[in-house]
S.K.: 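Pasting a structure here, questions to come.
Note that the structure is a prediction, hence the values are computed from the model and not measured. Ligands are counted one by one from 1 in listed order, and the atoms in each one are counted from 1 as well.
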Amino acid sequence: MSEEKFYFQSEAAELLKMMISSVYSNRDIFLRELISNASDALDKRRIECLKDSELAENTKPEILITSDSEKKILSVSDNGIGMSRDDLIAYLGTIAKSGTKEFLKAAKNENHENELIGQFGVGFYSVFMAADKVEVLTRKLGSSETYKFISDGDGSYTIEDAEQRSECGTTVTLYLRHNDSNEEEFKDYSNEWVIREIIEKYSDFISWPVVFKDKVINSQKAIWQRPDSEIKEEEYNEFYKHLTHDWRDPLTHIKINAEGATNFKGLLFIPSEAPYDMFMNPEAGGISLYINRVFIMNDCKELIPEYLRFVRGVIDSEDLPLNISREILQDEPVTRVIRKSTQRKILVELKKLLSSDREKYIKFWSSFGRILKEGIIRDSEYAKNILEIALFRTTNNDDWTTLAEYESRMKPDQEGIYCLTGSDNLSALKASPKLEAFTEKNLEVLLMTDTVDSWILAQAGFILPEGSKKLLNIASDEVSPYSDDEKKENENKLKALDSEFETLKKKALEILGDKLENVKPSLTLTNSPACIRDSSGGMSVQIEYTLRAMGQNPPAQKRILELNANHPVIKKLLEMSKNNDEKVYDILRLLYDQSMILEGVAPDDPADFVKRIDDLMTLALVK
Ligand code: ADP
């Protein structure tokens, strides 16, 4: 086999076309991408050689840049890990990461092609912003085979056998585009000064030497080792992009300088938005571990609790052995110390951000709040700290609120913080019948739309520090907006209704007895005919159904169906049940199903539900 031709998937080809015609304002970054890849390849080679000393080659690791301004050629060469033929196909032949199609569609619809490039981080393919043809010559560490990958970004590429490269590694050669569009911004990337400027700007901190015209042109200084005062925001941003392959600036950075029994430095970042695969792919975050400035491993889960998995960055310690493995790292006491102080520092910095720049904090919270909140139920030690900086939606207005802010608005005799969990759709939650009595009494309720909120509410009793206000779930039968006197008055009125509801209740339990523990008249609903309540001590609807969605099998919970005694439908039902009208059963079933829908749960038997609605429509419109 000498040469074989391959085609990119259709969406990848489309992406390429977009890169080529891109007017992406910052075309320079293709060089940063190539140098970043070369640096990663050298890191990988170092680690492979540590594992197997026979692999070590006798060459000094470096990234070599060459250019020819006559022929308009630029190349980036490394003696890193290199790629096999399969690697070339898997890594360079496949740009379409999961979700590409959807992204392309969205970008096209909204004319946001540049943003897409920014979001998506098309890495290697950014070369097509500057070149119309790319050749990659590569030989994998430990192999004698060299391959040449060629593509002109037109939707296909070829791979052929090539003359053996003298050592392992990769050379990427760019045949640069000519400025045929007369774009003012278009730079000559084979020009020495253009190259120097870009490397200085974007790649100065790369820990391997970047050699150009026989000289090392980067300082190689680890950015986290330098004093904060010396570093410009821009340098942090560039380092973040190198580290994460995100093309956007981070939201903020956090520096840690721990000295004492355990010494370590950290430079952590909070991305500006969740990466597109954050929720699909929990691996997407990660901390890279360095020991004495030497890269050891990325995505080091041992150094950070899972609920902070959106944090990216570097931790560099002198107190761990260079040959450490993931397994050993787990049991290292030093790891625990680092983890703890890192987590503490992140929470402290987030708290500062909340008070110093609320707008930025809200941006952070909108992207990562639901991940951070997992910590409230998983980490009893820090639950209180996380609750303190948690933001919630409320019935008060459309802004976010903290618990402390809510407390400051509480009525003087209010016994706790009213909360309602439910469907992950805020406007659906706002329509919940359970809010009616509270709205009428002008009482503010927190609207909790995340799955984890139900757990927080269920465990609030154990999580909240002593003396703090209770979180009261208004879905519970026991939480009411009324004063003791009002409750008494209500009870008396309800008692009087008991005998009237007797038959209806019996009929409801006849058909819904497996789902309902009780059926009660209610005087607190204003507009809705019915609602579902959790029986006291029972599991909330959201928890029960999330557990089911997770494949678990919690005991089926019996709930309470409340019927609005003042509602015309219920009044009619009472009459019908006394007359033994069989239609009562259908309406009761509908009321139950519709109440569950408002809890975010679809009817058990949708076909049956739809049929009942059809019957009602026929009755209302036709007969
Ligand atoms: P990313 O670097 O974000 O994963 P790229 O498109 O830049 O995306 O690169 C894809 C993959 O190709 C890399 O993850 C790496 O496995 C491989 N690769 C790219 N450049 C090199 C190189 N110089 N040496 C070895 N492997 C490389």
Side-chain angles (χ1 to χ4, degrees), residues 6 8-9 11-12 15-16 18-19 29-49 55 57 59 61-66 74-100 103 117-131 134-143 145-151 153 157 159 165 167-174 202-203 206 208 210-211 240-248 271 275-277 281 283-286 288 295 298-299 312:
F6 300 85
F8 295 112
Q9 309 96 304
E11 58 261 40
L15 203 57
L16 284 179
M18 220 157 81
M19 300 290 326
I29 49 169
F30 80 89
L31 190 51
R32 176 190 76 200
E33 294 297 305
L34 291 181
I35 293 177
S36 249
N37 282 348
S39 166
D40 291 348
L42 288 166
D43 285 339
K44 286 180 195 155
R45 171 182 156 192
R46 218 198 101 251
I47 285 164
E48 284 307 308
C49 293
L55 283 174
E57 298 200 22
T59 50
E62 65 176 21
I63 300 166
L64 180 68
I65 314 282
T66 55
L74 169 68
S75 75
V76 177
S77 196
D78 66 71
N79 46 0
I81 189 147
M83 283 176 275
S84 66
R85 192 171 177 280
D86 288 347
D87 290 344
L88 279 172
I89 297 172
Y91 300 145
L92 299 192
T94 318
I95 3 175
K97 304 180 189 179
S98 57
T100 321
F103 268 92
I117 295 171
Q119 289 225 7
F120 207 46
V122 276
F124 173 77
Y125 285 89
S126 57
V127 292
F128 289 111
M129 296 195 296
V134 178
E135 272 180 25
V136 179
L137 192 72
T138 186
R139 178 180 151 199
K140 185 145 186 168
L141 178 69
S143 153
E145 285 151 13
T146 301
Y147 297 100
K148 193 192 253 180
F149 165 107
I150 306 175
S151 178
Y157 60 94
I159 296 179
R165 217 175 174 277
E167 55 176 336
C168 70
T170 303
T171 303
V172 181
T173 305
L174 275 66
Y202 294 117
S203 308
I206 295 283
W208 304 101
V210 177
V211 178
Y240 164 80
K241 291 174 190 172
H242 159 70
L243 194 74
T244 60
H245 299 247
D246 188 349
W247 287 32
R248 291 162 294 192
Y276 74 94
D277 51 359
N281 172 18
E283 312 277 303
S288 300
F295 171 77
N298 55 23
D299 194 20
R312 311 286 190 97

S.K.: Return a yes/no value for F124: is any of its N or O atoms, backbone included, closer than 3.5 angstrom to an N or O of ligand 1?
M.R.: yes

S.K.: Is it true that the side chains of T59 and E167 contain a donor and an acceptor less than 3.5 Å apart?
M.R.: yes

S.K.: Can you name the one residue among E48, R45, K140 that meets side-chain contact (heavy atoms from CB on, under 4.5 Å) with C168?
M.R.: R45

S.K.: Classify the angle between the aromatic ring planes of Y157 and F6 as parallel (below 30°), tilted (30 to 60°) or perpendicular (above 60°).
M.R.: parallel

S.K.: Using only atom types and a distance under 3.5 Å, with no angle test, would you say the side chain of R165 pairs donor to acceptor with the backbone of R139?
M.R.: no

S.K.: Heavy-atom pairs closer than 4.0 Å: do any link ligand 1 to the side chain of D78, the backbone, both, or neither?
M.R.: side chain

S.K.: If I apply the N/O under 3.5 Å rule, does D40 come out as touching ligand 1?
M.R.: no

S.K.: Give the single entry among K140, R45, M83, E33 that approaches atom 18 (N) of ligand 1 most closely by any heavy atom.
M.R.: M83

S.K.: Ligand 1 and Y91, any nitrogen or oxygen pair closer than 3.5 angstrom?
M.R.: no

S.K.: Do T138 and T170 have a side chain donor and acceptor closer than 3.5 Å?
M.R.: yes

